[in-house]
Amino acid sequence: MPELPEVETIVRGLEAAVVGRRILAVQVLLPKMALAPVGVQFAPALVGERIVGSRRRGKYAVLLLASGRRLVTSLRMTGRLIVGDEGDAPYPATHVSLRLEGGLRLSFADVRTFGRMRLVEPTEAWDAALGLEPLSRDFTPERFTAMLSGRTTPVKVFLLDQRRLVGIGNIYACEALWGARIRPSRPGKALTSPAIRRLRDAVVDVLARAIELRGTSIDDYVDADGLAGGFQNRLSVYGRAGEPCSRCERPIVRTVIAQRGTWWCRTCQR
DNA sequence: CCGCCGCCCTGCTTGC
DNA sequence: TGCAAGCAGGGCGGCG
């Protein structure tokens, strides 16, 4: 499931592979996957556009187009953005296919069809409801404290809420809480200021380390070249129920918080 | 505004 | 062994 580090890796791959190239043809195989503003047709609007940038916002991959429009992709759980050669066999479960200059093809594939590609007008504030980037300078202990104050929801649910902080999904929420030694069910407002500081640092640290290893590949995630990441070998708690905690040797447990599997250490996380 | 819930989907895992 | 139910989960809309 692509979270911030995985989308960042994909976006960097797209930067290298497709930025500067013109879109020559667009095929939409499953219409619900390709959204456009009212009165704009997705495929015709993209043909002839040049890709001028590749960015990430939260868990969204954003291709900047010469017209000022943007192609925003949400990968959800199983979505993939794959760069291949025009002559390759079609990538499995491809729903949108862009033929690019230079004999390349950019495929948006998703077996579960939860993901979406969305063409956004230059003036449209598509990300207005999204929260703070955790790797930005703005993510200070002071800001984090203000965000958490009065929050009754479990801190793990808070970390997953993209209206507050963006980019954190189930894997990195579990990992950051373990790193900060905080119990996932603690209400946000109950965190002490040292705990808030530890959690801020743990979020930044785990995301940065995961980007260095090009993301976590458990079931589905691959980068723009179709390659797996390496952070799955560095996970401390996620998916490791029954294994000993690397800090205290007590077994990692799995509980459920807000319908999400939650892995943590009952001994170290308070 | 806030919090909570159900839905969307398919493939893998689990359990009988 | 075979099959079906259950689970996985990010974002969004609806509801209180």
Side-chain angles (χ1 to χ4, degrees), chain A residues 1-11 29-37 56-62 72-81 91-96 108-118 120 124-134 146-177 184-190 203 207 210 215-222 228-229 231-232 235 237-242 252-264:
Chain A
M1 49 231 84
E3 305 179 24
L4 187 154
E6 292 75 35
V7 179
E8 182 65 32
T9 303
I10 289 167
V11 158
L29 296 105
L30 186 57
K32 73 165 185 181
M33 306 291 286
L35 309 176
R56 179 192 57 73
R57 174 80 172 103
K59 301 177 197 172
Y60 296 84
V62 183
V72 178
T73 305
S74 166
L75 298 164
R76 299 288 189 97
M77 267 84 71
T78 53
R80 299 179 173 194
L81 283 170
Y91 198 83
T94 293
H95 306 303
V96 180
F108 173 42
D110 187 351
V111 280
R112 279 159 80 176
T113 73
F114 275 15
R116 293 292 183 270
M117 255 188 172
R118 193 170 144 206
V120 173
E124 192 182 341
W126 69 275
D127 65 341
L130 292 180
L132 191 61
E133 288 285 343
M147 292 163 78
L148 284 162
S149 79
R151 286 287 135 68
T152 57
T153 46
V155 59
K156 189 200 172 201
V157 175
F158 178 91
L159 289 177
L160 295 175
D161 186 343
Q162 304 298 300
R163 294 170 301 180
R164 316 296 168 205
L165 284 175
V166 294
I168 302 168
N170 208 28
I171 295 173
Y172 299 111
C174 292
E175 294 296 309
L177 287 164
S185 59
R186 286 268 299 274
K189 66 178 184 181
V203 164
L207 295 176
T216 301
S217 294
I218 294 177
D219 291 320
D220 293 289
Y221 162 71
V222 291
F231 200 70
Q232 62 279 4
L235 296 174
V237 284
Y238 184 86
R240 308 190 65 152
I252 304 298
V253 297
R254 179 188 183 276
T255 59
V256 175
I257 295 176
Q259 284 84 248
R260 300 279 187 270
T262 303
W263 288 265
W264 56 291

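Chain identifiers are assigned alphabetically (A, B, ...) following the order of the sequence lines, protein sequences preceding nucleic acid strands; residue numbering begins at 1 within each chain.
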Subject >> Residue whose closest nucleotide on DNA chain C lies nearer the 5' end, A:Trp263 versus A:Tyr60 >> reply: A:Trp263
Original post:
Where do A:Ser185 and A:Ile257 come nearest, in terms of heavy atoms and distance?
Top reply: N-CD1, 3.9 Å
Subject >> A:Lys59 versus A:Leu4, closest heavy-atom pair with distance >> reply: CG-N, 4.3 Å
Original post:
Among the nucleotides C:dG10, B:dC8, B:dG3, which one has an atom lying closest to any side-chain atom of A:Lys32?
Top reply: B:dC8
Original post:
Out of B:dG3, C:dG10, B:dC5, which has the shortest distance to the side chain of A:Gln259?
Top reply: B:dC5
Original post:
In whole angstrom, what separates A:Phe158's CZ from B:dC1's C1'?
Top reply: 14 Å
**OP:** Hey, which sits more toward the 5' end of DNA chain B by its nearest nucleotide, A:Arg76 or A:Val157?
**Re:** A:Val157
Original post:
Do any side-chain nitrogens or oxygens of A:Lys59 fall under 4.0 Å of OP1 or OP2 in C:dG10?
Top reply: no
Subject >> Paired nucleotide for B:dC9 [Watson-Crick or G-U wobble; both distances under 3.5 Å] >> reply: C:dG9
Original post:
Whole-Å distance between B:dC9 P and A:Leu30 CG?
Top reply: 9 Å
Original post:
Is A:Tyr172 touching bases, backbone alone, or none of the nucleic acid, heavy atoms closer than 4.0 Å?
Top reply: nothing
**OP:** For B:dC2, take OP1 and OP2 only and decide whether either is under 4.0 Å from a side-chain N or O of A:Arg164.
**Re:** yes
Original post:
Will you find, in the side chains of A:Tyr60 and A:Arg118, an N or O donor that is under 3.5 Å from an N or O acceptor?
Top reply: no
Original post:
Touch check for A:Arg116, heavy atoms < 4.0 angstrom, all strands: base, sugar-phosphate only, or nothing?
Top reply: nothing
Subject >> Side-chain (A:Arg240) to main-chain (A:Leu235) donor-acceptor, under 3.5 angstrom >> reply: yes
Original post:
For the pair made of CE in A:Met77 and C1' in B:dC7, what is the distance, rounded to whole Å?
Top reply: 11 Å
**OP:** Select base, sugar-phosphate, or nothing to describe what A:Gly261 touches, counting heavy atoms under 4.0 Å on all strands.
**Re:** sugar-phosphate
**OP:** Quickly work out the A:Arg80 CZ to B:dC9 P distance and round it to whole Å.
**Re:** 20 Å
Original post:
For A:Ile171 and C:dA8, what is the distance between atoms CD1 and C1' respectively, to the nearest whole Å?
Top reply: 11 Å
**OP:** Answer with yes or no whether A:Arg163 presents, from its side chain, a donor or acceptor under 3.5 Å of a partner atom in the base of C:dG11.
**Re:** no
Original post:
When all nucleic acid strands are considered with a 4.0 Å heavy-atom cut-off, which category describes A:Thr152: base, sugar-phosphate, or nothing?
Top reply: sugar-phosphate
Original post:
Among C:dG11, B:dG3, B:dT10, which nucleotide sits nearest the side chain of A:Gln162?
Top reply: C:dG11
**OP:** Looking only at side-chain atoms of A:Arg260, point me to the closest of B:dC9, C:dG11, B:dC2.
**Re:** C:dG11
Subject >> Separation of B:dG3 P from A:Leu148 CG (nearest whole Å) >> reply: 11 Å
**OP:** Side-chain contact test, heavy atoms from C-beta onward, threshold under 4.5 Å: evaluate it for A:His95 versus A:Met117 and give yes or no.
**Re:** no
Subject >> Check: A:Tyr221/A:Gln232 side-chain N/O donor and acceptor closer than 3.5 Å >> reply: no
Original post:
Picking from C:dC7, B:dC8, B:dT10, which would you name as closest to the side chain of A:Arg254?
Top reply: C:dC7
**OP:** Using whole Å, report how far CG of A:Leu160 lies from P of B:dC4.
**Re:** 13 Å
Subject >> Rounded distance in Å - CD (A:Glu3) to C1' (C:dG11) >> reply: 13 Å
**OP:** Tell me which nucleotide among B:dC4, C:dG10, B:dT10 gets nearest to the side chain of A:Val111.
**Re:** B:dT10
